[in-house]
Number of protein chains: 2
Amino acid sequence: MITDHSRENLVSVLRQRGIGPTHQRMEIAHVLFSRMEHLSADQVLCLVNGRHAETSKATVYNTLKLFVETGLVREVIVDAAKVFYDPNTAPHHHFYDVESGEITDIDAEAVTIVGMPALPPGKVAAGMDVIIRVRPAAPAPGA
Amino acid sequence: MITDHSRENLVSVLRQRGIGPTHQRMEIAHVLFSRMEHLSADQVLCLVNGRHAETSKATVYNTLKLFVETGLVREVIVDAAKVFYDPNTAPHHHFYDVESGEITDIDAEAVTIVGMPALPPGKVAAGMDVIIRVRPAAPAPGA
DNA sequence: GATACGAATTGGACTCTGTCTAATCCCATC
DNA sequence: GATGGGATTAGACAGAGTCCAATTCGTATC
């Protein structure tokens, strides 16, 4: 997980993964790792272009895909409408507020899962997602 | 969970939930509960129209939404591309093959989750999803 | 059987996320 | 300053899902 989002460190992080550190990729990486939030592709696009660089939608999608493939960020699929990208790659789970769309991390260290069955034959694990869906408590039961 | 998918039983199941048992809804319910599979809206549409009734896309979406709201089926969000509808409403988890798209149930009875933190303040639980992503084992490591 | 009314259905336009492609741009190397 | 290859780009495109106004259906009433 990238905590140092200085320009020099981002360059070396990208290089380590064989990713050429172009302007656009640096901007996208900076947006992701300076806020450690769950962002959609559209949010990344807006944030990147809100600064100064001009970056196209295609590049944002290309770059996010590249970051996912190289393990820099993780896809979070909790909502049918869009994918979120999570710069926290440490094992963890998520609360998802189905009304506000807010995503909150749950540290995986604290959680133990007992009795998970063996993988189906001929399959290897590619990841696990645990999502607790929540909603705001009803403000007034009589409403 | 509905195991008896006779016409009479489906009518009464729908009525119990305040859903008028129209032809289209009966067809959709029958498609879901006769195969106990995870189906996308598109697959439901094709299966329903493959029989004899003519049912529109809008009705399939309306009806699936209605079934979800009344707890007849459960949404399964494992893939960014589309939602699956699961006629098994007993608590359970899923294996998801990210390459083939195949979804397999994991009985929740066997699995215990220890140490899950309290819900965020002001929130109530709306559901939990556990998804184990798998892929076919590499056939030849040297490839 | 005819009428009326509310609910359900419908086609089709529309939105939105994400992909694709061919042209252009950038930049390191020679 | 020419060359070549990867990166970027605009915009067309694809697919899932939504929306809406018009129609149809089922039922209750006369």
Side-chain angles (χ1 to χ4, degrees), chain A residues 10-11 14-15 17-32 38-49 51-70 72-86 98 101 103, chain B residues 7 10-11 14-15 17-31 38-49 51-70 72-86 98 101 103:
Chain A
L10 289 182
V11 168
L14 294 190
R15 284 240 164 81
R17 323 252 166 172
I19 300 173
T22 65
H23 293 160
Q24 288 86 347
R25 289 168 178 170
M26 290 294 291
E27 286 296 326
I28 292 169
H30 187 265
V31 160
L32 285 166
H38 308 82
L39 299 175
S40 66
D42 190 62
Q43 288 174 308
V44 171
L45 180 62
C46 291
L47 288 168
V48 164
N49 284 332
R51 296 167 67 85
H52 50 87
E54 293 291 319
T55 303
S56 72
K57 185 175 63 156
T59 297
V60 169
Y61 278 102
N62 288 343
T63 302
L64 288 172
K65 189 178 174 193
L66 200 54
F67 285 4
V68 168
E69 284 166 2
T70 54
L72 276 177
V73 302
R74 170 175 153 185
E75 280 182 330
V76 179
I77 298 174
V78 290
D79 188 296
K82 61 182 62 164
V83 174
F84 290 92
Y85 294 88
D86 188 349
V98 295
I103 301 176
Chain B
R7 173 161 291 274
L10 289 182
V11 168
L14 294 189
R15 285 241 164 81
R17 323 252 167 171
I19 300 173
T22 65
H23 294 159
Q24 288 85 347
R25 288 168 179 169
M26 290 293 291
E27 287 295 325
I28 292 168
H30 187 265
V31 161
H38 308 83
L39 299 175
S40 67
D42 190 62
Q43 288 175 307
V44 171
L45 180 62
C46 292
L47 288 169
V48 164
N49 284 332
R51 297 169 65 84
H52 51 87
E54 292 292 319
T55 303
S56 72
K57 184 175 64 154
T59 296
V60 168
Y61 278 102
N62 288 343
T63 301
L64 288 172
K65 190 178 174 195
L66 199 56
F67 285 4
V68 169
E69 284 166 2
T70 55
L72 276 177
V73 302
R74 171 175 155 185
E75 280 182 329
V76 179
I77 299 174
V78 290
D79 188 297
K82 61 182 62 166
V83 175
F84 290 92
Y85 294 88
D86 187 348
V98 296
I103 302 176

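Just so it is clear, the model here is predicted, and its values are computed rather than measured. All chains are named by letter (A, B, ...) in the order of the sequence lines, taking the proteins before the strands, and each is independently numbered beginning at 1.
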Could you tell me whether a side-chain N or O of A/Asn49 sits under 3.5 Å from a main-chain N or O of A/Thr55, the two making a donor and an acceptor? yes
Comparing nearest nucleotides in DNA chain C, the 5'-proximal residue of the pair B/Ala80, B/Gly20 is B/Gly20
In terms of side-chain heavy atoms of [X], which of [options] is nearest?
| X | options | answer |
| --- | --- | --- |
| A/Ala58 | D/dC19, D/dA16, C/dC20 | C/dC20 |
| B/Tyr61 | D/dG17, C/dT17, C/dT9 | D/dG17 |
| B/Arg25 | D/dG11, D/dG17, C/dT9 | C/dT9 |
| A/Thr59 | C/dT9, D/dG17, D/dT9 | D/dT9 |
| A/Ser56 | C/dG11, C/dT9, D/dT9 | D/dT9 |
| A/Lys57 | C/dT19, C/dA13, D/dA10 | C/dT19 |
| B/Asn62 | C/dT10, C/dT17, D/dT8 | C/dT10 |

Please check if the number of heavy atoms outside A/Arg17 that lie under 6.0 Å from its CZ is greater than 12. yes
Check every strand shown and say whether [X] touches a base, only sugar-phosphate, or nothing at a heavy-atom separation below 4.0 Å.
| X | result |
| --- | --- |
| A/Ala41 | sugar-phosphate |
| A/Thr22 | sugar-phosphate |
| B/Ala81 | sugar-phosphate |
| B/Ser40 | nothing |

Between C/dA7 atom P and B/His23 atom NE2, what is the distance in whole Å?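 To the nearest whole Å, that distance equals 19 Å.
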Starting at atom CG of B/Leu14, determine the distance to atom C1' of D/dG26, rounded to an integer number of angstrom. 16 Å
Using the rule given for side chain to side chain contact (heavy atoms under 4.5 Å, CB included), can you reason through A/Gln24 versus A/Thr63, listing the C-alpha separation, both sets of side-chain angles and the distance that settles it, and then say yes or no? CA-CA 9 Å; A/Gln24 288 86 347; A/Thr63 302; 5.6 Å; no
For A/Ile77 versus B/Val78, what's the shortest heavy-atom pair and its separation?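 Residues A/Ile77 and B/Val78, closest heavy atoms: CD1-O, 3.9 Å.
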